[in-house]
Amino acid sequence: MKTTYGLLATFDTTPALYHACEHVRDAGFKKWDAITPFPVHGLDVAMGMPRSKLPRASLCGGITGFCTGISLIWFTGAFDYKLMVGGKPFFSPLFAFPVSYELTILFTAFASIIGMFVLNRLPMHYHPVQKAPQFMRLLDDRFHIVIEATDPKFNAHEVRDFFAKINGKDIVELEQ
């Protein structure tokens, strides 16, 4: 039994895609995507996408790394292995800085990479758009918009008419 994933429309130029995305956003669709062979500057704004949550994950990773570094030096120097060397204190932030700095960078990198995988739902080995007959052109010089069937406003006939109204070409139904 085949189920419908959504409808896909093709656009020839970047400006056509950009304006079509604005129309789709203004029409109130929630579950849709624009697929391009290369990054298009400002497309996220045209799609009405919110800012990414990845910087927050990176910041949390950095703060965790810094606190881990400070805690590690404090624990080893002031609690676990008290060693008085030349009258220096058991703990000083100056001594903890190199370790904290390196752990800040390490934890930020890990949080960024893990956050990117989680937020992008990676790895995704298959997507229904790959079954589209014009998929190879998508990788080269065409732009597409997909409106998913799970969208609350989705009605196949109305979406097909909507795509035709905003100059979408080669409108096809995608199966899962």
Side-chain angles (χ1 to χ4, degrees), residues 1-65 102-176:
M1 180 175 149
K2 296 180 179 180
T3 59
T4 300
Y5 176 76
L7 286 177
L8 175 114
T10 304
F11 298 89
D12 292 328
T13 64
T14 307
L17 174 76
Y18 189 89
H19 295 303
C21 285
E22 291 175 332
H23 288 297
V24 173
R25 176 198 67 205
D26 294 342
F29 290 102
K30 300 293 181 204
K31 294 190 174 190
W32 63 283
D33 200 4
I35 303 168
T36 65
F38 52 82
V40 177
H41 179 70
L43 193 60
D44 53 340
V45 175
M47 293 175 69
M49 295 177 68
R51 282 185 53 112
S52 174
K53 296 175 184 166
L54 189 59
R56 293 183 185 124
S58 299
L59 178 64
C60 290
I63 291 171
T64 302
E102 293 299 329
L103 287 178
T104 299
I105 293 171
L106 181 69
F107 281 38
T108 300
F110 283 154
S112 297
I113 292 169
I114 292 168
M116 181 195 66
F117 271 81
V118 169
L119 291 174
N120 291 328
R121 294 182 207 105
L122 295 176
M124 183 185 298
H125 301 293
Y126 168 76
H127 195 277
V129 173
Q130 293 172 332
K131 282 187 178 178
Q134 57 269 66
F135 181 67
M136 294 310 288
R137 289 294 301 268
L138 165 75
L139 300 175
D140 185 31
D141 63 348
R142 291 289 185 262
F143 308 93
H144 292 75
I145 293 179
V146 177
I147 298 180
E148 298 178 18
T150 56
D151 190 282
K153 291 186 70 173
F154 185 85
N155 178 321
H157 182 68
E158 291 176 8
V159 170
R160 190 177 295 274
D161 292 343
F162 176 73
F163 275 147
K165 187 177 98 176
I166 61 174
N167 301 324
K169 299 176 184 170
D170 301 329
I171 302 165
V172 294
E173 184 175 326
L174 297 175
E175 297 173 353
Q176 287 202 1

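Sequential numbering from 1 along the given sequence is applied to the chain's residues. The shown structure was predicted, so the numbers you read here are calculated from the model rather than taken from an experiment.
Taking every heavy atom of both residues into account, Ile166 and Ala20 meet most closely at CD1-CB, 3.9 Å. Contact detail for Leu54 and Ser112: the closest heavy-atom pair is CD1-O, 3.4 Å. Between Met47 and Trp32 the shortest heavy-atom distance is CG-CH2, 3.5 Å. Of all heavy-atom pairs between Phe163 and Leu7, the closest is CE1-O, 3.7 Å. The minimum heavy-atom distance between Leu174 and Pro128, with the atom names listed, is CD2-O, 4.1 Å. Taking each heavy atom of Ala149 and Thr4 in turn, the nearest pair found is CB-O, 3.5 Å.
A distance of 7.5 Å separates OG1 in Thr10 from CZ in Arg142, rounded to the nearest 0.5 Å. Between the NZ atom of Lys153 and the CD atom of Glu158 there is a distance of 8.5 Å, given to the nearest 0.5 Å. Rounded to the nearest 0.5 Å, atoms CG (Leu119) and CD1 (Ile114) are 11.5 Å apart. Distance check, rounded to the nearest 0.5 Å: OG1 of Thr13 to OH of Tyr18 gives 13.5 Å. Rounding to the nearest 0.5 angstrom, the gap separating the CZ atom in Phe135 from the CG atom in Asp140 is 12.0 Å. The distance from the CG atom of Leu17 to the NE2 atom of His144 is 10.0 Å, given to the nearest 0.5 Å.
Around the NZ atom of Lys169, the shell of radius 6.0 Å holds no more than 12 heavy atoms that belong to other residues, nucleotides or ligands. Counted within 6.0 Å of CZ on Phe110, heavy atoms from surrounding residues, nucleotides or ligands total 12 or fewer; the atom is thus considered open.
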*Please step through side-chain contact (heavy atoms from CB on, under 4.5 Å) for the pair Asp12 and Asn167, ending with a clear verdict.*
CA-CA 10 Å; Asp12 292 328; Asn167 301 324; over 6 Å; no

*asked:* For a side-chain contact (heavy atoms from CB on, under 4.5 Å) check, start with the C-alpha distance between Glu148 and Tyr5, then their side-chain angles and the critical distance, and finish with the verdict.
replied: CA-CA 6 Å; Glu148 298 178 18; Tyr5 176 76; 3.0 Å; yes

*So Phe38 and Thr14, side-chain contact (heavy atoms from CB on, under 4.5 Å) or not? Walk me through it.*
CA-CA 10 Å; Phe38 52 82; Thr14 307; 4.0 Å; yes

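Taking the side chain as every heavy atom from C-beta outward, Phe107 and Cys60 never approach each other to under 4.5 Å. Residues Ile145 and Cys21 are in side-chain contact: their nearest non-hydrogen atoms beyond the backbone lie under 4.5 Å apart. For the pair Asp44 and Arg51, the minimum side-chain heavy-atom distance is 4.5 Å or more. In this structure, the side chains of Glu175 and Thr3 stay at 4.5 Å or more apart for every pair of heavy atoms.
With sequence neighbours left out, His157 forms a side chain to side chain donor-acceptor pair (under 3.5 Å) with Asp161.
Side chain of Asp151 to main chain of Lys31: a donor-acceptor pair is present (N/O by atom type, distance under 3.5 Å, no hydrogens or angles). Listed for the Arg25 side chain is no donor-acceptor partner under 3.5 Å among the backbone atoms of Met49.
Checked by atom type, the side-chain pair Gln130/His127 shows no donor-acceptor distance below 3.5 Å.
Between Phe29 and Phe162, the ring-plane angle classifies as tilted under the 30° and 60° cut-offs.
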